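These notes concern the structure reproduced below.
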Amino acid sequence: MLDIKVLRENPDAARAGAVKKHMPDRAAAVDRALALDAELRAMTPRIDAMRSEQKAGGKKLGKLNPEEREAFLQTQKELKARLSVLDDEEKQLKHNLAEQLGLIPNIPDPEVPDGKDDSQNVLVREVGTVREFDFKVRPHYDIGEAQGWLDFTRAAAMAGSRNYILFGDLVLLHDAVLRFAVDLLVERGFVPIEPPLLVRDAAMFGTGFFPGGEEQTYRCEKDGLNLIGTSEVPVTSLHSGEILSEKDLPKKYVARSACFRREAGTYGKDTRGLYRVHQFHKVEQVIVDIASKERSLEHHESIVQNAEALLQACELPYRVVNVCGGDLGVPQAMKYDIETWMPSRDSYSETHSASRFYDYQSRRLNIRYRPEGGKPLFCHTLNNTVAASPRILIPLLENHQNADGTINVPERLRQYLGGREVLGKPVF
RNA sequence: GGAGAGGUGGCAGAGUGGCCGAAUGCACCGCCUUGCUAAGGCGACGUACCUUCACGGGUACCGGGGGUUCGAAUCCCCCCCUCUCCGCCA
């Protein structure tokens, strides 16, 4: 949610922002919101004055003698009738305004490149060397199925497409990388969290996934709850409605959770393997801090570095890209994606997504803090992936494969695998 | 799932139709007094919106939403949450 005051002063920025994000329908919400706001502002003083009159009249009425009372009661009733019409109008206006405000996307920062989709993201840096193989490189699903680590057929039979079953050492590797991700962040001062996986609409709205993301969300209609697509949702919502002390900020959290995504509208895209699946596990870092752009920028770099540290520890080549306007989501002001080299895709593909929001989410979630001796302000929030698995298993299996189908374990992960250096048996 | 109790300001806790945006205590902040591992006195002390150059004034908010009433923290309805007991259960 944008600050209505900022919107009044500079509606062009909000409109241009929505256009840069290739969301023309949401750009139109700016003008609808401003019109409603003007109407509401015109009405408020009038309605307040009437309420004041009604209140004063009511108090007076209690002290009148019976005959005066009867006449005055009529006056009060008429006032009430007029007021209740305006009351309803005001309620409706407020509701409509909130609805339109909720549609307006966050304004992308100036350094966000123009572009319509991920093909126009801009390279920031490339780290690590893509390995030269002296044998035929196999995709992760061939290795996994040959090793008996992966079964897509039975998964589809019991759960539908875009599902998978992990077995044996791959389960252990999956767990190893996730646990390593948590440990890495705890070491860096993040507080680990085990969050709810089912959340109310307010949390989905507050983080900016609703409205708009309903189609991507599994919903338990009976209970009015939604399965999270990322723990960003419950973790960012943690302090919703609170006024935090400045001395307690920043809050740094790391959560491991299962994540669920319907992937509606992606039929025929990334159909093979572990790349795009309905259910996965993700270790996510979330920061809540004071309203300082400078601090947000610092945090943003640091959470990217945290993710890079994991990829480096896993000995995986990757690149960082600056995500273009058309590939940005509604609530983000700026986003870096990290793409890891995946031989079977012959490309760097997205494994991490680091976003800053400024106060966009905290306005929706009503997360504030009290600066030293001042009025409460809305916090800034940020988040980034640390590791998402099984997607991260793709580069792990493919980049570290041997000709016989065994997998070399990166040194830093070995402690999570009983010290083993190699997984699997020769199968090719 | 059944029965009951309850949700009030940072915390505790009073308030059952107008004198209540709300007693009192604690905490926090400012000033004064005093003095030494402290205490006492005085004052200020919620959030948001509108208005005023300013002092100030107005409105809304007592879990959320609706209703009754001239008037609701207080009465009624729905929802959410917490606690106790029973049932069921990973």
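In what follows, chains carry the letters A, B, and so on, assigned in the order in which the sequence lines appear, proteins first and then strands, with residues in each chain numbered from 1. Being a predicted model, the structure only gives us computed values, none of them experimental.
The number of heavy atoms from other shown groups lying within 6.0 Å of CD (A/Glu411) does not exceed 12.
Figure legend. B/G18 is base-paired to B/C70; pairs are counted as Watson-Crick or G-U wobble with both atom distances under 3.5 Å. With a cut-off of 3.5 Å on both Watson-Crick or G-U wobble distances, the partner of B/G6 is given as B/C81. If you check B/C89 for Watson-Crick or wobble pairing at under 3.5 angstrom, you find it has no partner at all. In this structure B/C28 sits in no base pair that meets the Watson-Crick or G-U test at under 3.5 Å. Pair assignment for B/C36 gives none, since no Watson-Crick or G-U wobble pairing has each distance under 3.5 Å. Checking B/C49 for Watson-Crick or G-U wobble geometry (two distances, each under 3.5 Å) identifies B/G58 as its partner.
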Under 3.5 Å between N/O atoms: give me all the protein pairs with nucleotides 49-58 of chain B, atom names plus distance.
{"unit_1": "B/C49", "atom_1": "OP1", "unit_2": "A/Lys5", "atom_2": "NZ", "d": "3.3"}
{"unit_1": "B/C50", "atom_1": "OP1", "unit_2": "A/Arg41", "atom_2": "NH1", "d": "2.8"}
{"unit_1": "B/G58", "atom_1": "O3'", "unit_2": "A/Ser52", "atom_2": "OG", "d": "3.1"}
{"unit_1": "B/G58", "atom_1": "N2", "unit_2": "A/Asp48", "atom_2": "OD2", "d": "3.2"}

Protein-nucleic acid N or O pairs under 3.5 Å, nucleotides 6-8 of chain B:
none

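We find that CG of A/Asn366 is positioned 13 Å from P of B/G64, with the value rounded to whole Å. As a whole-Å value, the separation of A/Lys91 NZ from B/G64 C1' is 13 Å. If you measure from atom CE of A/Met43 to atom P of B/U59, you get 18 Å, rounded to the nearest angstrom. At whole-Å resolution of the value, CG in A/Leu86 and P in B/U59 are 16 Å apart. If you take CD1 of A/Ile4 and C1' of B/A48, they are 14 Å apart, rounded to a whole angstrom. In this structure, NZ of A/Lys60 is placed 17 Å from P of B/C19, rounded to the nearest angstrom. Between A/Ile243 atom CD1 and B/G46 atom P the separation is 12 Å, expressed in whole Å. In this structure, CD of A/Glu90 is placed 13 Å from C1' of B/A48, rounded to the nearest angstrom.
Listed pair A/Arg368 / B/A48 meets the phosphate criterion, a side-chain N or O lying under 4.0 Å from OP1 or OP2. A sub-4.0 Å separation between OP1 or OP2 of B/C29 and a side-chain N or O of A/Arg370 is absent.
Going from the P atom of B/G17 to that of B/U82 covers 31 Å, rounded to whole Å. Remark: the separation of the C1' atoms in B/C20 and B/G46 is 15 Å, to the nearest Å.
Judged by the 6.0 Å distance and 45° axis criteria, A/Arg412 is not positioned over the aromatic ring of A/Phe180.
Taking the side chain of A/Lys375 as heavy atoms from C-beta on, and the options B/G71, B/C19, B/A48, the nearest nucleotide is B/A48. Ranking B/C81, B/G71, B/A48 by closeness to the A/Pro376 side chain, first place goes to B/A48.
Between the side chains of A/Tyr218 and A/His278, at least one donor N or O sits under 3.5 Å from an acceptor N or O. Looking only at atom types and distance, the side chain of A/Asn384 has no donor-acceptor partner in the side chain of A/Tyr336 under 3.5 Å away. Side-chain contact of A/Glu398 with A/Ser344: a donor-acceptor pair under 3.5 Å is present, judged by distance alone. In this model, a donor atom of one side chain and an acceptor atom of the other lie less than 3.5 Å apart for A/Lys282 and A/Thr230. There is no side-chain donor-acceptor pair under 3.5 Å between A/Gln332 and A/Tyr360. Side-chain contact annotation: A/Gln147 with A/Asp169, donor-acceptor N/O pair under 3.5 Å absent.
Residue A/Gln54 is classed as a sugar-phosphate contact, given heavy-atom separations below 4.0 Å to backbone atoms only. Among the atoms of the strands shown, none is found under 4.0 Å from any heavy atom of A/Lys94.
Proximity of residues 77-85 of chain A to RNA chain B (heavy atom under 4.0 angstrom from any strand atom) is restricted to A/Lys77, A/Lys80.
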- Message: Applying salt bridge (charged side-chain N to carboxylate O under 4.0 Å, His left out) to A/Lys335 and A/Asp327, what does each step give before you reach the verdict?
- Response: CA-CA 9 Å; A/Lys335 178 160 89 168; A/Asp327 198 27; 5.6 Å; no
